[in-house]
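Please read the structure below before turning to the comments.
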Number of protein chains: 2
Amino acid sequence: MPAPPPDPFKTFLGYHLRRLSVAVMSDLTATLAPLGLKPAEASILYVLKSHPGLTQSEIGKFLGIQRANMAPLIAGLMQRGLLERRSVDGRSQALKLTPTGEKTRAAAWAANAAHEARMFAPLSPPARQKLITQLRTLWHPHQNT
Amino acid sequence: MPAPPPDPFKTFLGYHLRRLSVAVMSDLTATLAPLGLKPAEASILYVLKSHPGLTQSEIGKFLGIQRANMAPLIAGLMQRGLLERRSVDGRSQALKLTPTGEKTRAAAWAANAAHEARMFAPLSPPARQKLITQLRTLWHPHQNT
DNA sequence: TATTGTTATACTCTATAACTATA
DNA sequence: TATAGTTATAGAGTATAACAATA
């Protein structure tokens with residue numbers, strides 16, 4: 001009885017990280033679609049809930065999204081009445097959620113939490129928290145932007 | 001002294017999974033670039049080392065790459081003399097590494113292993129293996145393709 | 001000079017549809 | 001009828017460069 005061929009990625013953490021991340025992102029995209037939000041848009045709403053008054057450049061730095069790509073994202077959320085602007089100086093504007101934006105954020109947050117519970121059900125809450133801690137230890141933002 | 005604003009993604013495993021995965025993929029891309037390989041191409045070489053004789057469709061199923069996107073990848077590797085084909089029947093061809101392909105694969109593998117050691121240095125080997133096991137438990141391939 | 005927001009644009013990755021030739 | 005390989009193409013997501021207005 002011949003041994004089964006070995007999995008070439010058995011020792012490569014990066015491979016499993018990537019495959020799981022892609023699967024989770026795909027599920028999150030489907031989860032948020034009924035709310036008319038993409039993951040990046042929902043993330044912006046989350047950041048503005050906890051950090052109201054940030055400019056769009058600052059949000060981009062926080063999320064790893066470039067200025068040039070933030071512009072259409074913010075414009076779309078503004079157009080839907082989810083955000084409002086207040087001029088800080090002539091070139092930058094503080095952003096915050098409108099009441100509608102906060103309702104949408106809360107709905108997205110609930111859907112996102114349900115998605116997390118579904119995707120990571122095999123892990124106990126402590127195991128999940130430990131995993132988050134490990135991933136944060138390994139992720140050094142300066143490697144990106 | 002006001003409390004710092006909370007990180008909105010503190011409890012979202014998916015977010016940290018994604019940020020780390022993007023950083024790791026970026027580093028891997030840079031690591032493999034001097035060998036003239038993209039991560040997907042290196043993965044194909046790895047799979048053919050452990051599973052010689054697979055067709056390109058089978059490799060695509062293994063890696064989660066669609067048939068249509070496998071065609072140019074395989075064509076490029078063929079053109080560089082890294083792969084050879086043997087007709088199984090009129091429509092499918094078994095693939096294997098050429099001697100040059102095996103040399104390139106070995107070089108990519110060594111670079112990839114060094115990349116992993118660098119990226120995941122904070123984790124001991126047992127911790128790293130446990131993390132791989134956890135990620136594999138959470139990843140159900142049928143969610144994708 | 002440096003920064004914010006914006007536009008235009010290009011590049012990669014991924015997804016779908018359709019075709020051929022084979023089975 | 002179904003499958004392997006291919007081509008064409010469209011859509012995201014992301015990257016750089018350049019500009020106007022402002023600091």
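Chain identifiers are assigned alphabetically (A, B, ...) following the order of the sequence lines, protein sequences preceding nucleic acid strands; residue numbering begins at 1 within each chain.
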So which atom in A/Leu13 and which in B/Glu116 form the shortest heavy-atom distance, rounded to 0.1 Å? N-OE1, 2.9 Å
Under 4.0 Å between a side-chain N/O of B/Gln66 and OP1 or OP2 of C/dA15, yes or no? yes
Within less than 4.0 Å of OP1 or OP2 of C/dT3, is there a side-chain N or O belonging to A/Ser92? no
Are the side chains of A/Glu58 and A/Leu95 in touch, meaning some heavy atoms are under 4.5 Å apart? no
Between C/dT14 atom C1' and B/Leu63 atom CG, what is the distance in whole Å? 15 Å
Is there a side-chain contact between A/Phe120 and A/Leu131 in this structure, where contact means two heavy atoms from C-beta onward sitting under 4.5 Å apart? no
Atom pair distance, as rounded to whole Å: CG in A/Asp89 and P in C/dT4: 9 Å
Could you check how far CD of A/Glu41 sits from P of D/dG13, rounded to whole Å? 9 Å
Check whether any side-chain heavy atom of B/Leu32 sits under 4.5 Å from a side-chain heavy atom of B/Glu41, and report yes or no. no
Side chain of B/Ala71 only, heavy atoms from C-beta on: which candidate in D/dT7, D/dG13, C/dG5 is closest? D/dT7
In whole Å, what is the span from the CD atom of B/Glu58 to the P atom of D/dA4? 8 Å
Is there side-chain contact between B/Ile74 and B/Arg85, with heavy atoms separated by less than 4.5 Å? yes
Donor-acceptor pair under 3.5 Å: do we get one between A/Arg91's side chain and the base of C/dT3? yes
Take atom CZ of A/Arg67 and atom P of D/dC19, then tell me their distance rounded to the nearest Å. 15 Å
Let me check the geometry of the helix from C/dT1-D/dA23 to C/dA23-D/dT1. What is the bend angle between the axes at its two ends, five pairs each, to 10°? 0°
At less than 3.5 Å, do the side-chain atoms of A/Asn69 and the base atoms of D/dA15 form a donor-acceptor pair? yes
Using whole Å, report how far CZ of B/Arg85 lies from C1' of D/dT6. 10 Å
Rounded to the nearest angstrom, tell me the gap between atom CG in B/Leu73 and atom P in C/dA15. 13 Å
Winner on side-chain proximity to B/Gln93, out of D/dG5, D/dT14, C/dG5, is D/dG5
Between C/dA15 (P) and A/Met25 (CE): distance, integer Å: 12 Å
Specify whether B/Tyr15 and A/Trp139 have parallel, tilted or perpendicular ring planes, treating 30° as the upper limit for parallel and 60° as the lower limit for perpendicular. perpendicular
Can you check whether A/Gln56 reaches A/Leu73 side chain to side chain, under 4.5 Å on heavy atoms? no
Of B/Ala68 and A/Gly90, whose closest DNA chain D nucleotide lies nearer the 5' terminus? B/Ala68
